[in-house]
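Along the sequence shown, residues carry numbers from 1.
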Amino acid sequence: VNLYDSSKGLYRGYITMYDAPYGFKFVKNGSVWIGQTGVDGNVYTLAENGGDNCSISNGSYFWTVDMINMTATATPITTVGIIGSFAGSGWGSDVEMTFDAATLTYQVEQAFAAGDEWKFRFNGDWAYNLGQSGDVLAHDGANIKIETEGTYVITLDMAHGSEPVYTIVAK
């Protein structure tokens, strides 16, 4: 989960979480452990240097962590897709990606024309999307542009590493 607005102490990000038998805690400034003192649905009440380990069902989530109000909200991601100017979407519908439980990644095969643009979108909702920001994916980032016509295999990994990453390989 990455810093979103330092003046508001807000962090947010996408992550796939599986098999955390001991739960998890948040870490502030690399050394302050933050646990939960309560949970109501998908909203956690947090405490610095205390609290219990958090737990959550296996799945992918969009997290919003508020260090001022000491809350964390986990929005379940129920669908992962790509949307764009390419045939079959036309910015109007998502092409759903398939989850691979062995690699904890999402994958789709898609034909593109040169110049097509696209993004990742979650839950069929523009409030939850990833686009390009420099060399990384970012919430509400710019469209990803296809330079060469062809069919590509796109893989999204939100389970390994500190940020979501994707690969796009010509078939």
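- Proximity of a side-chain donor or acceptor of T71 to a complementary backbone N or O of T45 within less than 3.5 Å is not detected.
- In this view, Y106 and S60 satisfy the side-chain hydrogen bond (donor to acceptor under 3.5 Å, both in side chains) rule, not counting sequence neighbours.
- Nearest heavy atom pair, residue A87 against residue Q110, reads O-NE2, 3.6 Å.
- The salt bridge (Lys or Arg N to Asp or Glu O under 4.0 Å) analysis of residues 134-145, with sequence neighbours excluded, yields no pairs.
- Ring orientation note: the planes of F24 and F26 are nearly perpendicular, at an angle over 60° on the 30°/60° scale.
- Sorted by first and then second residue, the salt bridge (Lys or Arg N to Asp or Glu O under 4.0 Å) pairs with a member in residues 27-44 read K28-E48; sequence neighbours excluded.
- Annotation: side-chain hydrogen bond (donor to acceptor under 3.5 Å, both in side chains) contacts of D125 (sequence neighbours excluded): none.
- With sequence neighbours excluded, the residues satisfying side chain to side chain contact (heavy atoms under 4.5 Å, CB included) with T167 are T155.
- Side chain of D157 to backbone of T105: no donor-acceptor contact under 3.5 angstrom is found.
- Minimum interatomic distance between A47 and T37 (heavy atoms only, all atoms of both residues): CB-CG2, 3.5 Å.
- Grouped with W91 in one hydrophobic cluster are I83, W126, the linkage being side-chain heavy-atom contacts under 4.5 Å among Ile, Leu, Val, Met, Phe, Trp and Tyr residues.
- Put simply, the residue from I56, T73, I34 that forms a side-chain contact (heavy atoms from CB on, under 4.5 Å) with Y44 is I56.
- In the hydrophobic clustering (ILVMFWY side chains linked at under 4.5 Å, chained through shared members), V27 is joined by W33.
- Atom NE2 of H160 and atom CD1 of I15 lie 10.5 Å apart (nearest 0.5 Å).
- Applying the side chain to side chain contact (heavy atoms under 4.5 Å, CB included) criterion to S55, with sequence neighbours excluded, gives no partner residue.
- Partners of F62 according to the ring-ring contact (aromatic ring centres under 6.0 Å, His included) rule, which considers only residues two or more places apart in sequence or in another chain, are Y14, Y128, H139.
- For N42 against A74, the heavy-atom pair with the smallest separation is ND2-O, 2.7 Å.
- Counting only distance, with no hydrogens or angles, the side chain of D66 and the backbone of L10 share no donor-acceptor pair below 3.5 Å.
- V43 shares a hydrophobic cluster with no other residue; no ILVMFWY side chain has heavy atoms under 4.5 Å from its own.
- Applying the salt bridge (Lys or Arg N to Asp or Glu O under 4.0 Å) rule to E109 yields the partners K171; only residues at least two apart in sequence or on another chain are considered.
- Proximity of a side-chain donor or acceptor of N29 to a complementary backbone N or O of S31 within less than 3.5 Å is not detected.
- Remark: side-chain polar atoms of S89 are paired, donor with acceptor, to backbone N or O of S93 under 3.5 angstrom.
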Name each donor-acceptor pair under 3.5 Å that joins a side chain in residues 114-121 to protein atoms two or more places apart or in another chain, with its distance.
from: D116; atom 1: OD2; to: A113; atom 2: N; distance (Å): 2.8
from: E117; atom 1: OE1; to: N143; atom 2: ND2; distance (Å): 2.9
from: K119; atom 1: NZ; to: N129; atom 2: OD1; distance (Å): 2.9
from: K119; atom 1: NZ; to: G141; atom 2: O; distance (Å): 2.6
from: R121; atom 1: NE; to: D94; atom 2: OD1; distance (Å): 2.9
from: R121; atom 1: NE; to: D94; atom 2: OD2; distance (Å): 3.4
from: R121; atom 1: NH2; to: D94; atom 2: OD1; distance (Å): 2.8

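- Using a 4.5 Å cut-off on side-chain heavy atoms (C-beta onward), T16 and I77 make no contact.
- Taking CG of N123 as the start and OG1 of T75 as the end, the distance is 8.0 Å to the nearest 0.5 Å.
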